[in-house]
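Input: a single structure, listed below in structure tokens.
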Amino acid sequence: MPLLRGHARRHGFAALGLGIALLAVLALLVQSLSQVLAGTAAPGLRLAMLGGAAGLAATALGALPGLVLRDLPQRVEDILLGLAAGMMLAASAFSLLLPGLEAGAALLGSKPLGAAVVVFGMALGVLLMLGLDEFTPHEHDHTGPCGPGYERCGRIWLFVFAIALHNLPEGMAIGASFAQGDLAVGLPLTSAIALQDIPEGLAVALALRGAGFAPLLSVLVAAASGLLEPLGALLGVGLSSGLALAYPAGLGLAAGAMLFVVSHEVIPQTHRNGHQTSATLGLMCGFAMMMVLDTTLT
């Protein structure tokens, strides 16, 4: 009974959080749509869509070796995922949170108030991903199926939903970073996400092959999962444009969503197979790579 009550409380908290996040997202999208209708859409819309397309292309490129490879040594897979996690962590810090803090402080004339806006956005991003993770049926390679109604979905769709939970915040981050048309913010982040999409696309294709799916189907599904990035970019640029404070809040939201995915899914997955040290070294290398990209492309 205590276990059931604890699950019910967690379920209720996730539902409340998802509701709050969706209402906030809807409000931001409505005011963004009004701008589009008024002919004052975000200047970075075209750049955001190009960035999302780059993520899609990188995911498809990474998935291609799945046509001939059935699996990778587990240590290599954990290192690659650690590399991707490190790049996502650094991208969240250098290309989302720091520009968000700077923009918030400039708009409000106060660093603490600017930070509060970014933290509010982060909270929305975490609540959004927490709710989606709780209420979307999906399946991960190691933990099996989860979410309501998973038994009514085919395994291929459960994998697709799991992939969507990873790629959506990446696309949102690309869109948010280009919302003001600033290449100095968007280019390093898009480069980092595209680079880490290559091993991620391969990992997805190999996970599908390991689950028994045909090579071509595995590669096609892994490549198609990249479609969530241009769609997420459209959502991200919409959320981060419009009201002036929507920009730092949108950057915070994208960062919160990415940090949630890294902590909740990617890092635990790299630590399940006894290769924690190798995965951590991969994470450090990914973080350093992104830091260099951010400082050299701005």
Side-chain angles (χ1 to χ4, degrees), residues 51-91 138-143 155-171 173-174 189-232 258 261-262 264-276 278-290 293:
L56 167 60
T59 302
L61 178 65
L64 284 177
L67 289 171
V68 293
L69 294 176
R70 184 173 181 83
D71 56 31
L72 287 174
Q74 189 62 57
R75 184 185 297 273
V76 174
E77 183 177 336
D78 289 340
I79 290 173
L80 290 176
L81 287 175
L83 186 75
M87 298 190 79
M88 290 174 72
L89 285 174
H138 57 283
E139 178 171 358
H140 297 291
D141 189 31
H142 293 279
T143 58
R155 289 196 71 202
I156 187 69
W157 287 109
L158 293 176
F159 271 108
V160 168
F161 290 144
I163 297 163
L165 292 178
H166 282 250
N167 286 357
L168 182 63
E170 294 175 7
I174 291 173
L189 182 135
T190 302
S191 301
I193 288 180
L195 285 173
Q196 65 90 29
D197 275 336
I198 296 175
E200 194 173 80
L202 177 60
V204 171
L206 295 182
L208 289 167
R209 289 208 61 183
F213 296 107
L216 182 59
L217 179 61
S218 299
V219 170
L220 288 177
V221 171
S225 73
L227 288 170
L228 270 296
E229 299 218 5
L231 290 176
M258 285 183 64
V261 168
V262 171
H264 191 66
E265 297 292 345
V266 182
I267 291 178
Q269 185 171 335
T270 65
H271 284 58
R272 289 190 179 109
N273 308 294
H275 305 134
Q276 295 92 327
S278 300
T280 301
L281 291 175
L283 185 148
M284 298 300 293
C285 289
F287 193 97
M289 288 172 59
M290 176 56 202
L293 279 173

Close side-chain approach of [X] and [Y], heavy atoms under 4.5 Å:
X      : Y      : result
Glu229 : Thr59  : yes
Arg272 : Gln74  : no
Asn273 : Arg75  : no
Leu208 : Leu217 : no

Can you check whether Leu69's main-chain N or O pairs, donor with acceptor, with Arg209's side chain at less than 3.5 Å?
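Flag set: sc Arg209 to bb Leu69 pair under 3.5 Å.
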Minimum heavy-atom distance between [X] and [Y], given as atom pair plus value:
X      : Y      : value
Ile193 : Glu170 : CD1-O, 3.5 Å
Met290 : Ala192 : SD-CB, 2.9 Å
Leu168 : Gly232 : CD1-CA, 3.9 Å
Ser191 : Leu293 : CB-CD1, 4.4 Å
Gly66  : Ala205 : CA-CB, 4.4 Å
Ala279 : Asp78  : CB-O, 3.8 Å

To the nearest 0.5 Å, tell me how far [X] [atom1] sits from [Y] [atom2].
X      : Y      : atom1 : atom2 : value
Met289 : Leu195 : CE    : CG    : 5.5 Å
Thr280 : His275 : OG1   : NE2   : 12.5 Å
Leu202 : Leu81  : CG    : CG    : 9.5 Å
Ser278 : Ile79  : OG    : CD1   : 4.5 Å
Met87  : Glu200 : CE    : CD    : 11.5 Å
Ile198 : Leu61  : CD1   : CG    : 5.0 Å

Which residue, Ile267, Leu83, Thr270, forms the side-chain contact (heavy atoms from CB on, under 4.5 Å) with Leu283?
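For Leu283, the side-chain contact (heavy atoms from CB on, under 4.5 Å) check succeeds only for Ile267.
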